[in-house]
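Because the structure is a prediction, the values reported are computed rather than measured.
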Amino acid sequence: MPGSEEAAAAKSAAKRDRIFLVVVDDSAERAVALRYACLRARKGGGRVALLRVLEPVGLVEWAGVGVMMQEERREEAEKMLSGLAAEVNEITGGFPILIIREGDPRDELLKLLEEDPRISILVLAMAPGSGGPGPLITALTGRYASRLTVPMTLVPGTLEEKELDRIT
């Protein structure tokens with residue numbers, strides 16, 4: 001069939017271009033979302049992107065102290081993302097896209113999704129227990145749902161590696 005090779009190449013390129021975005025916060029369930037995204041990227045084609053949002057430093061009496069605190073927080077974020085990048089590379093065979101922003105996590109996430117058309121899927125893990133799925137998921141499935149520009153995959157935060165391997 002004429003053109004079938006081109007169609008197959010385009011389909012393959014589209015799979016490679018899929019980006020699974022994981023929000024890197026300090027929750028325990030973040031590891032579940034990250035592993036799920038990595039396994040999906042490895043098995044179905046695509047890349048992983050990691051977003052770390054630093055909340056602004058509050059009012060500090062001396063401006064120099066505020067700048068120093070912000071620099072320290074950025075260095076910590078870079079170190080954290082670097083460690084997670086090694087984990088992503090180990091699972092997927094490729095390095096993730098690393099993104100650090102400053103501001104409100106929900107607002108920065110929504111801005112990033114609007115700005116970067118390469119992002120295909122947002123992967124978040126739900127907090128275990130009866131306290132609700134977590135503030136970001138609550139916002140994105142409620143009041144801010146209409147601002148989502150990509151599908152969102154919600155992964156139970158209690159899944160173990162064996163279960164993640166089975167479902168991806």
Side-chain angles (χ1 to χ4, degrees), residues 4-54 76-101 105-106 108-168:
S4 63
E5 285 183 28
E6 290 86 3
K11 187 175 182 180
S12 177
K15 274 190 163 187
R16 274 194 315 274
D17 291 342
R18 288 191 313 175
I19 294 179
F20 297 86
L21 177 64
V22 177
V23 177
V24 176
D25 58 15
D26 296 325
S27 69
E29 59 270 11
R30 172 199 74 211
V32 175
L34 180 63
R35 182 154 182 88
Y36 178 88
C38 289
L39 292 172
R40 285 284 315 274
R42 182 181 76 194
K43 293 177 181 178
R47 288 183 75 187
V48 173
L50 304 177
L51 170 64
R52 176 73 173 176
V53 180
L54 305 174
E76 288 172 13
E78 288 171 357
K79 194 181 291 184
M80 173 191 271
L81 289 181
S82 177
L84 293 174
E87 187 178 325
V88 170
N89 184 41
E90 187 177 306
I91 296 170
T92 67
F95 284 99
I97 299 166
L98 305 178
I99 305 159
I100 298 175
R101 293 198 170 198
R106 179 200 63 227
E108 292 303 318
L109 170 62
L110 291 170
K111 277 195 257 182
L112 176 62
L113 293 174
E114 290 170 7
E115 295 167 5
D116 194 339
R118 300 173 304 161
I119 298 171
S120 310
I121 299 169
L122 171 62
V123 179
L124 298 172
M126 297 178 288
S130 60
L136 188 57
I137 293 173
T138 299
L140 295 176
T141 57
R143 183 175 180 190
Y144 296 90
S146 64
R147 291 192 48 199
L148 275 179
T149 56
V150 299
M152 178 171 55
T153 299
L154 299 178
V155 184
T158 56
L159 290 181
E160 295 180 11
E161 281 188 39
K162 181 173 53 173
E163 295 167 308
L164 286 168
D165 288 339
R166 184 180 57 79
I167 64 171
T168 54

Beyond-backbone contact of [X] with [Y], side-chain heavy atoms, under 4.5 angstrom:
X    : Y    : result
Y36  : I167 : yes
R35  : L159 : no
V123 : R40  : no
L122 : V23  : yes
I121 : V150 : no
T149 : I119 : no

Nearest 0.5 Å, please: how far is [atom2] in [Y] from [atom1] in [X]?
X    : Y    : atom1 : atom2 : value
K79  : L84  : NZ    : CG    : 13.5 Å
I91  : K43  : CD1   : NZ    : 10.5 Å
M126 : T141 : CE    : OG1   : 10.0 Å
M152 : I137 : CE    : CD1   : 7.0 Å
E160 : R166 : CD    : CZ    : 11.5 Å
L34  : L39  : CG    : CG    : 9.5 Å

Which pair of heavy atoms, one from [X] and one from [Y], lies closest together, and at what distance?
X    : Y    : value
V32  : P156 : CG1-O, 3.5 Å
R30  : V24  : CD-CG1, 3.6 Å
A77  : L54  : CB-CD2, 3.9 Å
A127 : G134 : CB-N, 4.4 Å
R47  : F95  : NH2-O, 3.1 Å
L140 : L148 : O-CD1, 3.8 Å

Next item on the list: Inspect the surroundings of CD in E90 and state if more than 12 heavy atoms from other residues, nucleotides or ligands are less than 6.0 Å away.
Entry: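 No - once you tally the heavy atoms of other residues, nucleotides and ligands closer than 6.0 Å, there are 12 at most.
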Note to self: If you count every heavy atom of other residues, nucleotides or ligands that lies below 6.0 Å from E114 atom CD, does the total exceed 12?
What the structure shows: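 Correct, the count exceeds 12.
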Check: Do NZ/NE/NH1/NH2 and the carboxylate oxygens of E108 and K111 come within less than 4.0 Å?
Finding: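 K111 and E108: salt-bridged.
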Note to self: Applying side-chain contact (heavy atoms from CB on, under 4.5 Å) to L21 and L112, what does each step give before you reach the verdict?
What the structure shows: CA-CA 10 Å; L21 177 64; L112 176 62; 4.0 Å; yes
Next item on the list: Determine yes or no for a side-chain-to-main-chain donor-acceptor pair under 3.5 angstrom, with R18 supplying the side chain and G45 the backbone.
Entry: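 Looks like yes, one N/O pair under 3.5 Å.
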